There are 2 protein chains.
Amino acid sequence: MSQSVDRAAAILDACAPGPQRLTHLADLLGVHRSTVLRLLQTLERHRLVRRLDDLTWTIGYGLIGLAVETLDRMDLRTAARPRLERLGQEIGHTIHLAQLDGHDIVYVDKVEGHGAVRMASRIGAPVQVHTAGVAKAILAGLPPDRCEAVLASATFERFTDSTITGRAEFAAELAKVRKQGYAVDDGEYESYLACVAVPVRDGGGAIRAGVSITALCAIERLEKLRRHLPRLWAVASEISRELGWTGPAGVGRSAG
Amino acid sequence: MSQSVDRAAAILDACAPGPQRLTHLADLLGVHRSTVLRLLQTLERHRLVRRLDDLTWTIGYGLIGLAVETLDRMDLRTAARPRLERLGQEIGHTIHLAQLDGHDIVYVDKVEGHGAVRMASRIGAPVQVHTAGVAKAILAGLPPDRCEAVLASATFERFTDSTITGRAEFAAELAKVRKQGYAVDDGEYESYLACVAVPVRDGGGAIRAGVSITALCAIERLEKLRRHLPRLWAVASEISRELGWTGPAGVGRSAG
DNA sequence: TCCTTTGTTGCACCATGCGCACACCCTTGT
DNA sequence: ACAAGGGTGTGCGCATGGTGCAACAAAGGA
């Protein structure tokens with residue numbers, strides 16, 4: 001492990017929520033401000049941070065460029081993006097695409113809904129594995145050992161009255177997802193949000209990703225969101241095909 | 001300067017174009033593979049890189065999250081995004097938003113056009129300062145010393161027959177931009193692309209950003225793109241107002 | 001005008017980062 | 001079945017790079 005790189009990474013983490021002063025970063029890291037300044041100067045040289053006019057430090061465009069270049073080259077996103085944009089245009093709700101990443105599930109794409117309210121979810125951020133529809137859609141399609149590995153770190157924290165907090169109860173929920181071919185988040189993370197989600201298959205037919213539609217309950221309750229499932233299954237299936245999957249055609253539990 | 005952080009940053013740069021093997025990164029950096037492995041392990045711990053199933057290394061979701069979080073918090077982007085999406089929806093061409101960053105100009109937002117062809121421009125990437133319309137729109141509005149500082153590193157490389165390669169010629173072009181209130185790229189970078197651009201003002205009235213419309217000449221030549229200028233000036237003005245600018249209302253040279 | 005805070009730099013010291021040697025794993029060829 | 005080649009991963013001793021300190025500069029507020 002490299003201590004200097006560790007510190008540099010901590011500086012980057014600290015700068016993402018907003019520009020930070022040198023002395024604040026030194027306090028945060030517990031090192032001398034001359035140490036932080038040298039780390040910042042090296043990060044600045046690579047455009048990973050930049051210094052603003054008021055002498056605060058923020059994330060640099062070089063880092064942003066690395067992230068955007070990486071996202072632009074992801075097959076899953078390339079296959080999904082135009083389809084998610086069209087779907088978002090049609091139905092007007094927030095669309096998420098998420099992918100398994102080791103023992104995490106992360107958002108990899110997002111199409112904002114038409115309404116005045118924006119979801120706080122963010123590309124690159126981890127998904128709540130025990131509440132998010134898209135997480136359940138993926139977990140339900142994983143081999144048991146892989147599913148267990150992802151859930152090993154889950155705390156099953158109660159967020160609302162609807163949150164599933166028991167592991168046995170959650171296993172039953174996943175069995176239900178496998179049976180019906182889609183997952184839901186029925187106010188389990190935020191009581192006023194509802195979501196339906198379906199899995200996306202990779203070229204080998206394995207489930208590594210999922211796509212979801214989320215809406216405010218005040219705008220569209222879960223029952224009405226379910227009406228979009230045929231369309232969502234179709235989108236998932238198209239994405240899966242573009243990734244090389246050659247399984248059964250059509251909508252429903254076999255799709256995606 | 002920190003040598004370890006320098007190397008870690010070089011690893012990140014190398015991974016953005018695509019996943020890389022350990023031995024390749026060691027060759028690239030000219031250090032021992034055990035050195036690279038330890039740097040990678042530290043970067044992985046902070047989710048700045050991730051290891052794929054085939055043991056190659058790629059940019060991690062943690063880094064992507066830092067970038068997206070930073071972009072999401074930028075006032076300029078927040079003000080611009082819904083307006084650029086609406087404009088893109090209306091006219092169907094690629095829209096760019098770029099901002100001055102020290103002595104560089106970088107793309108900070110982009111709305112893809114409707115057509116089958118996608119522009120290679122990328123958020124976070126630097127703009128060609130002597131050819132891009134959006135760069136000329138910004139440069140024309142800078143104080144002379146600031147403009148010179150940006151141009152100091154420009155090479156005025158000839159890309160097409162239309163490229164402006166003389167500094168005096170370029171100064172004349174900027175004078176023209178000031179006079180007419182908009183800039184163009186008339187096949188100066190790629191012969192088959194045309195673009196119109198206008199500046200965006202910050203809260204204090206200074207010009208630090210610009211917005212542009214780009215199209216394939218085969219779809220819409222420069223003369224027709226000019227017809228979108230009233231709409232583009234209006235968008236730039238709205239963005240400027242949301243950033244706190246209180247200057248003259250209306251379209252034309254005074255706008256944005 | 002003075003004090004405080006923040007940012008910056010040169011220098012000496014020591015803790016960390018380095019490469020080496022070895023081990024392990026996987027694939028390919030005989 | 002075994003050997004060879006290529007790639008990855010780790011423990012350890014040592015040299016060097018990263019560190020904090022002291023001093024200085026700049027800016028802002030009392």
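The model shown is predicted, which means the values in this text are computed figures rather than measured ones. Chain letters run A, B, ... following the sequence lines, proteins first and then strands; every chain starts at 1. Hydrogens, waters and symmetry mates play no part in the numbers below; they use all other heavy atoms, side chains included.
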base_contact_polar ([N] base, [X] side chain, donor-acceptor, <3.5 Å):
X: B:Arg33; N: D:dG9; result: yes
X: A:Arg38; N: C:dG10; result: yes
X: B:Ser34; N: C:dC18; result: no

Q) Closest to the B:Ser4 side chain: D:dG9, D:dA22, C:dG17? A)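 So the nucleotide nearest the side chain must be C:dG17.
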
**Q.** Of the listed nucleotides D:dG18, D:dT8, C:dT6, the one nearest the side chain of B:Thr23
**A.**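 For the B:Thr23 side chain, the nearest candidate turns out to be D:dT8.
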
Rounded distance in Å - [atom1] ([X]) to [atom2] ([N]):
X: B:Leu22; N: D:dT10; atom1: CG; atom2: C1'; result: 13 Å
X: B:Gln41; N: D:dT10; atom1: CD; atom2: C1'; result: 9 Å
X: A:Arg21; N: D:dA27; atom1: CZ; atom2: P; result: 13 Å
X: B:Asp54; N: C:dT27; atom1: CG; atom2: C1'; result: 15 Å
X: A:Gln3; N: C:dC18; atom1: CD; atom2: P; result: 12 Å
X: A:Leu40; N: C:dT8; atom1: CG; atom2: P; result: 9 Å
X: B:Asp53; N: C:dC25; atom1: CG; atom2: P; result: 19 Å
X: A:Asp6; N: D:dT19; atom1: CG; atom2: P; result: 11 Å

(Q) Any heavy-atom pair between the side chains of B:His96 and B:Ser212 that's under 4.5 Å? (A)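 Counting from C-beta outward, B:Ser212 and B:His96 do come under 4.5 Å.
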
Q) Are the side chains of A:Trp245 and A:Val200 in touch, meaning some heavy atoms are under 4.5 Å apart? A)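 Heavy-atom side-chain distance check fails, nothing below 4.5 Å.
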
Q: Using a strict 4.0 Å threshold on nitrogen-to-oxygen distance, state whether B:Glu242 and B:Arg83 make a salt bridge.
A: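 Counted as a salt bridge, because a side-chain N and a carboxylate O are separated by less than 4.0 Å.
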
Q: Check step by step if side chain to side chain contact (heavy atoms under 4.5 Å, CB included) holds for B:Thr56 and B:Arg21.
A: CA-CA 5 Å; B:Thr56 57; B:Arg21 294 188 146 275; 3.8 Å; yes

(Q) Working note: B:Ile164 + B:Thr131, criterion side chain to side chain contact (heavy atoms under 4.5 Å, CB included); need CA distance, chi angles, decisive distance, verdict. (A) CA-CA 7 Å; B:Ile164 299 169; B:Thr131 59; over 6 Å; no

Q) According to a strict under-4.0 Å criterion, is B:Arg7 in side-chain N/O contact with OP1 or OP2 of C:dC18? A)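 True: B:Arg7 side-chain N/O within range (under 4.0 Å) of C:dC18 OP1/OP2.
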
